[in-house]
2 protein chains.
Amino acid sequence: MKLSGGVEWALHCCVVLSAANSAPVAVARLAEFHDVSTTYLAKQMQALSRAGIVRSTQGHSGGYALTREPSKITVLDIVEAIDGTQSTFACTEIRQRGPMATPAEACVKPCAINRAMISADRAWRDALREVTVADLARDVDKDYDADVMATVSGWLADETA
Amino acid sequence: MKLSGGVEWALHCCVVLSAANSAPVAVARLAEFHDVSTTYLAKQMQALSRAGIVRSTQGHSGGYALTREPSKITVLDIVEAIDGTQSTFACTEIRQRGPMATPAEACVKPCAINRAMISADRAWRDALREVTVADLARDVDKDYDADVMATVSGWLADETA
DNA sequence: GGCAAGCTACTCGGATACACGGTGTCCGAGTGCATGGGG
DNA sequence: CCCCATGCACTCGGACACCGTGTATCCGAGTAGCTTGCC
């Protein structure tokens with residue numbers, strides 16, 4: 001029950017991209033900024049691209065940019081893009097097996113165990129859906145430094161220049 | 001982000017054990033009932049034993065039994081026994097890395113991303129804590145058959161005899 | 001008949017192989033920009 | 001001076017190895033109950 005490590009990178013990258021004002025940022029820049037593997041981060045960004053969260057621009061001075069307002073991108077979107085939308089619990093319907101198997105026609109509804117898991121999974125996703133990239137960016141400014149986002153923005157501009 | 005498959009087995013086993021009235025049930029019986037691997041199920045039961053959820057009795061007519069009332073055993077207890085208590089998200093503090101690293105003394109509090117994840121994790125665990133083994137057993141009776149629990153209890157008695 | 005010692009068979013427990021998914025990396029296809037020549 | 005063709009360097013994208021965790025299994029240690037012999 002561990003989340004893929006790439007999720008953290010993807011989240012941080014989305015926050016940084018929200019400071020770039022829709023200007024494309026190359027993977028190499030993002031990787032350098034976070035001091036992580038460029039190639040592996042590229043894999044995560046591809047997943048974000050496939051999920052429609054970021055838009056890729058090729059060629060010189062290309063890169064990735066958010067496709068919509070940071071306030072319209074939830075943490076859940078990013079998590080599901082990287083880690084998949086599959087539920088945390090996969091019911092194998094073992095009640096239909098064994099000497100006292102429940103007949104299949106009685107199994108139209110998920111069993112109590114599965115329901116509890118689905119409910120918990122829903123609570124988890126709901127919590128993640130509550131937080132947007134814009135929230136993350138705002139909290140970063142508020143909590144850690146006076147204007148990290150502005151500094152990041154400037155750093156991105158310098159690097160691009 | 002997938003839960004260990006053994007969690008499902010452990011949950012079902014705890015429900016069955018709640019029908020056994022504290023009488024020890026061997027792993028072989030549980031495995032036969034669910035039609036799953038005996039040896040692997042044994043591993044899960046060992047984890048439950050280590051967590052103090054079940055008590056093992058050795059020797060002839062030994063086996064596993066719940067250590068406390070089914071209403072005092074939550075789904076979360078079982079999940080954490082099998083899958084560990086570690087959080088779903090492991091913050092690697094990448095904000096302290098790279099050319100614009102945040103100084104460590106400013107990182108006394110978890111970052112916004114980590115906080116969102118912790119909050120979601122908490123919501124998930126809270127939901128699992130709400131459901132007990134007694135609830136599961138009751139719902140099994142209510143939803144699927146007239147008195148599955150009684151039948152299970154009788155089956156266990158027959159097998160033991 | 002009652003009791004105790006020994007044996008048997010059944011139980012759990014931890015240590016040991018195998019497999020799949022995540023982790024990490026690489027090179028190729030595609031494209032926008034810069035440049036240089038011509039009009 | 002302006003426009004266009006060409007080349008280039010930089011970008012993403014998918015295909016390819018490696019490793020760790022979970023999956024599955026086995027055999028050994030320990031104990032409760034049955035059997036049997038004795039008192």
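Side-chain atoms are counted along with the backbone in the values below, which use heavy atoms only and exclude waters and symmetry mates. All chains are named by letter (A, B, ...) in the order of the sequence lines, taking the proteins before the strands, and each is independently numbered beginning at 1.
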With D126(A) via side chain to side chain contact (heavy atoms under 4.5 Å, CB included) - residues at least two apart: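 For D126(A), the residues satisfying side chain to side chain contact (heavy atoms under 4.5 Å, CB included) (neighbours in sequence not counted) are R122(A), R129(A).
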Results of side chain to side chain contact (heavy atoms under 4.5 Å, CB included) for T88(A) - residues two or more places apart only: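 If we apply the side chain to side chain contact (heavy atoms under 4.5 Å, CB included) test to T88(A), skipping adjacent residues, the hits are M1(A), D121(A), M1(B), W124(B).
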Distance, rounded to the nearest Å, where L30(A) contributes CG and dT11(D) contributes P: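 L30(A) atom CG is separated from dT11(D) atom P by 11 Å.
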Per-nucleotide protein contact string for nucleotides 12-31 of chain D (B base, S sugar-phosphate only, - none; heavy atom under 4.0 Å): BBBB-------SBBB---BB
Qualifying side chain to side chain donor-acceptor pair (under 3.5 Å) pairs, either residue in residues 5-22 of chain B, two or more places apart: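 Checked against side chain to side chain donor-acceptor pair (under 3.5 Å) - neighbours excluded - the pairs reaching residues 5-22 of chain B are T92(A)-E8(B).
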Pairs involving residues 36-47 of chain A, ordered by first then second residue, that meet side chain to side chain donor-acceptor pair (under 3.5 Å) (sequence neighbours left out):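 Of all non-adjacent pairs touching residues 36-47 of chain A, those that pass side chain to side chain donor-acceptor pair (under 3.5 Å) are S37(A)-T39(A), Y40(A)-Q44(A).
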F89(B): partners by ring pair (Phe, Tyr, Trp, His ring centres under 6.0 Å), with sequence neighbours left out: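 F89(B) satisfies ring pair (Phe, Tyr, Trp, His ring centres under 6.0 Å) with no other residue.
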